[in-house]
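Down below is the structure, laid out as structure tokens.
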Amino acid sequence: MALHVPKAPGFSSMMKDGARFYSGLEEAVMRNIGACKEFAETVQTCYGPNGMNKMVINHLEKLFVTNDAATIIRELEVEHPAAKMMILGSQMQENEVGDATNFVIIFAGQLLKEAEDLIRMGLKPTEVADGYERALDKALEVLETLACFTVNNTKDVPAVEKAIRSAVMSKQYGHEDFLSTLISKACISILPEKTTFNVDNVRICKIVGSGLLKSEVVNGMVFRRSVESNVTKKDNCKVAVYTCPVDAIQTETKGTVLIKTAEELTNFSRGEETQLENQIKAIADAGTGVVVSGGKIGDMALHYINKYGMMAVRLVSKWDIRRLARATGATALPRMTAPTSEELGMADSVFIDELGDTEIVVFKVGNNESRVSTIVVRGSTDNYMDDIERAIDDGVNVFKGLCKDGRLVAGGGAAEIELAKQVAAWGETHPGLEQYSIGKFAQALEVIPRVLAENSGVKPKEVISKLYAAHSEGKQNVGFDIEGESGDVKDCFETGVMDLLLAKKWALKYATNAAATVLRVDQIIMAKRAGGPKPRDTSGPMDQDDDA
């Protein structure tokens with residue numbers, strides 16, 4: 001008979017074998033803080049215009065070379081539950097504002113680092129979290145007073161450029177003026193009159209070749225495809241969009257046809273051709289000028305499309321089909337039937353063009369409410385163009401933020417130092433223990449100018465003391481000068497380095513919430529992982545017969 005080994009008393013005796021359990025300050029809280037600090041230090045070096053790139057290879061072995069925090073955290077599959085909290089805060093920032101994702105992680109990491117000192121001094125984690133939340137309310141109150149510029153008219157190109165410039169600058173330092181002009185043009189050209197601005201209406205088409213400065217904005221949709229038919233240009237035409245292949249319809253059931261004579265054979269194949277011709281003639285008779293298909297366009301169908309003078313374009317992505325249907329006002333039809341007048345969309349012109357050695361199809365489409373513009377990005381490598389795409393994405397999201405709230409605060413760490421100064425002064429008026437955590441919240445705000453200085457190779461203490469000196473004289477727009485010599489400071493409002501107030505507001509909220517949530521955890525209980533057979537190795541031969 002096997003010997004029965006009793007389990008150790010305590011919590012583990014209730015759980016299955018293999019469950020892990022951590023509790024108490026040292027095991028749970030400090031371990032969580034350590035993980036979050038490590039993670040924040042990883043993305044810290046990416047912050048600001050002089051930030052370094054990270055080379056990330058994801059689980060599908062796709063290579064990313066980027067300094068965009070949102071991409072890095074999306075592609076790194078982080079397992080640690082506390083670090084995941086910070087990542088969730090950062091992803092919420094990405095969904096809400098689309099910019100300042102790195103700020104959330106750096107600031108939350110710094111808050112936890114400061115909290116570690118307080119906990120070692122004997123404060124309870126809940127007291128620290130409580131103090132942080134009070135400090136956050138005060139910081140948001142102060143932030144409202146720091147707006148130094150307001151974009152009242154979102155169609156004013158120079159004002160919009162000012163706002164977009166610093167968001168693009170942190171990703172593509174050196175090209176910020178060119179890119180911010182491109183983004184402003186693209187966004188303003190499609191700004192709807194009644195409805196709100198939709199980020200999805202600014203498309204990006206990447207074409208290898210030439211250089212970044214040859215990028216341009218095209219009003220309409222651009223697809224990297226060629227036209228199937230002989231007709232290559234149509235103006236003021238109606239568009240029929242199909243999600244199915246444009247070809248002779250296959251029957252649902254299989255049938256056997258017995259053919260005895262040659263005459264029956266010709267009649268049989270002619271019947272199929274006539275049926276296809278009738279279908280395409282019906283589409284042409286409805287007034288269609290351009291046929292867009294989500295599947296393949298058969299040779300016979302193409303022959304009849306050419307015969308009736310229509311243009312045929314094949315799109316592979318179902319998302320592209322949906323966007324085109326939305327922009328043209330067409331209904332995507334699942335079967336090859338003649339469209340009614342309501343199901344047809346309108347396009348001002350559809351034509352083919354050539355950029356470098358890549359053929360493109362351009363749809364100039366859309367009324368005032370569903371206009372689409374495409375930024376055609378040129379560049380030497382795919383990785384480089386992916387990074388430009390991320391910078392453009394940030395710029396477009398800043399424009400979306402401007403449409404909600406046009407206020408801007410001074411960048412370059414100016415707003416953070418002013419917040420730190422005022423929050424610290426306010427914290428000293430508190431008699432209770434929370435004054436310590438409010439003071440640490442103010443110290444944590446210094447991390448932003450410090451990281452900017454470190455990434456630029458400057459002594460951070462020198463920069464922060466200069467900033468505090470300038471702010472105590474009442475110059476609240478003075479921030480770190482990236483282009484200056486060894487730790488200079490400058491008026492960020494005058495030099496056009498400004499950040500969205502909205503982005504700062506949400507970033508402070510999400511970072512503090514994430515840090516407070518991590519601090520309020522006192523036990524980590526990890527159930528045993530769901531077991532099961534290991535997944536099959538699919539790298540080798542696919543079929544059972546392929547073993548040889």
Side-chain angles (χ1 to χ4, degrees), residues 11-12 15 18-47 54 56 58-59 68-96 100-136 434 436-437 440-441 443-445 447-448 450-451 506-530:
F11 193 89
S12 55
M15 306 290 283
R20 283 177 294 167
F21 170 69
Y22 307 105
S23 75
L25 266 185
E26 200 52 54
E27 268 199 344
V29 183
M30 292 306 181
R31 186 181 280 222
N32 281 348
I33 290 175
C36 293
K37 271 189 344 195
E38 285 286 317
F39 188 68
E41 278 163 19
T42 307
V43 291
Q44 249 178 31
T45 51
C46 302
Y47 192 69
K54 296 266 182 269
V56 180
N58 70 359
H59 61 292
D68 177 36
T71 309
I72 294 168
I73 60 177
R74 193 174 58 240
E75 299 307 331
L76 288 178
E77 293 185 355
V78 175
E79 281 279 291
H80 196 284
K84 258 189 182 161
M85 295 253 192
M86 274 170 45
I87 288 174
L88 285 171
S90 179
Q91 283 171 343
M92 282 303 300
Q93 175 75 4
E94 173 73 7
N95 297 341
E96 185 69 43
T101 43
N102 207 339
F103 180 101
V104 175
I105 292 179
I106 293 174
F107 185 53
Q110 190 64 23
L111 283 175
L112 290 168
K113 193 175 181 180
E114 301 289 353
E116 190 177 5
D117 301 342
L118 291 175
I119 292 167
R120 292 209 189 282
M121 278 161 52
L123 262 75
K124 297 268 189 307
T126 46
E127 289 171 345
V128 178
D130 199 39
Y132 278 174
E133 280 165 358
R134 288 187 187 194
L136 170 68
E434 61 266 16
Y436 295 111
S437 45
K440 288 291 187 188
F441 184 94
Q443 274 180 30
L445 281 163
V447 73
I448 299 299
R450 192 173 79 232
V451 168
W506 285 106
L508 286 168
K509 273 187 189 175
Y510 287 134
T512 312
N513 285 349
T517 312
V518 171
L519 285 172
R520 288 201 169 105
V521 171
D522 72 331
Q523 291 188 340
I524 307 172
I525 305 158
M526 296 166 82
K528 184 186 175 190
R529 287 224 158 166

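As the structure is a prediction and not an experimental result, all values here were calculated from the model.
The OH atom of Y22 sits 6.0 Å away from atom CE of M526, with the distance rounded to the nearest 0.5 Å. Between the CG atom of N102 and the CD1 atom of I105 there is a distance of 6.5 Å, given to the nearest 0.5 Å. How far CG of D522 is from CD of E27: 11.5 Å, rounded to the nearest 0.5 Å. Put simply, CE on M85 and CD1 on I87 are 11.5 Å apart, with the number rounded to the nearest 0.5 Å. The structure places CZ of R450 at 9.5 Å from CD of Q443, a figure rounded to the nearest 0.5 Å. Of the inter-residue distances, the one linking S437 atom OG with E133 atom CD reads 10.0 Å to the nearest 0.5 angstrom.
Between Q110 and L445 there is no side-chain heavy-atom pair separated by less than 4.5 Å. Between L519 and T126, the closest side-chain pair of non-hydrogen atoms is not below 4.5 Å. Under the 4.5 Å side-chain criterion, counting only non-hydrogen atoms from C-beta, F441 is in contact with F107. Contact check for L88 versus Q91: side-chain heavy atoms found under the 4.5 Å cut-off. Residues V518 and V29 are not in side-chain contact: their nearest non-hydrogen atoms beyond the backbone lie 4.5 Å or more apart. Contact annotation: the side chain of W506 approaches that of K509 to within less than 4.5 Å [non-hydrogen atoms, C-beta and beyond]. For the pair F21 and I524, the minimum side-chain heavy-atom distance is 4.5 Å or more. H59 has its side chain within reach of E77: a pair of non-hydrogen atoms, C-beta onward, lies under 4.5 Å apart.
A donor-acceptor pair shorter than 3.5 Å can be found between the side chains of T45 and K54.
In terms of heavy atoms, H80 sits closest to R31 at NE2-O, 4.3 Å. Here the closest non-hydrogen pair linking P125 and L25 is CG-CD2, 3.8 Å. Between K84 and V78, the closest heavy-atom pair is CE-O, 3.1 Å. Across A108 and A515, no two heavy atoms sit closer than the pair O-CB, 4.2 Å.
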Next item on the list: Applying side chain to side chain contact (heavy atoms under 4.5 Å, CB included), run through E41 and I106 and close with a yes or a no.
Entry: CA-CA 7 Å; E41 278 163 19; I106 293 174; over 6 Å; no
Check: Please walk me through it: do T42 and Q44 pass side chain to side chain contact (heavy atoms under 4.5 Å, CB included)?
Finding: CA-CA 6 Å; T42 307; Q44 249 178 31; over 6 Å; no
Next item on the list: Evaluate side chain to side chain contact (heavy atoms under 4.5 Å, CB included) for K440 paired with L118, printing each intermediate quantity in order.
Entry: CA-CA 9 Å; K440 288 291 187 188; L118 291 175; 3.5 Å; yes
Item checked: I119 vs K124, side chain to side chain contact (heavy atoms under 4.5 Å, CB included): CA-CA, chis, key distance, verdict -> CA-CA 6 Å; I119 292 167; K124 297 268 189 307; over 6 Å; no
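Under a cut-off of 6.0 angstrom, the local environment of CZ in R20 is sparse, with at most 12 non-hydrogen atoms contributed by other residues, nucleotides or ligands. Annotation: E38, atom CD; neighbour count of heavy atoms from other residues, nucleotides and ligands within 6.0 Å does not exceed 12. No more than 12 heavy-atom neighbours from other residues, nucleotides or ligands sit within 6.0 angstrom of OH on Y436.
T512 contributes a side-chain N or O that, together with a main-chain N or O of L508, makes up a donor-acceptor pair within less than 3.5 Å. Here the side chain of Q93 pairs a donor or acceptor atom with the backbone of A507 at under 3.5 angstrom.
A ring-centre distance under 6.0 Å is not found for F103 and Y510.
With respect to K37 and E116, a salt bridge is recorded, a charged nitrogen being found less than 4.0 Å from a carboxylate O.
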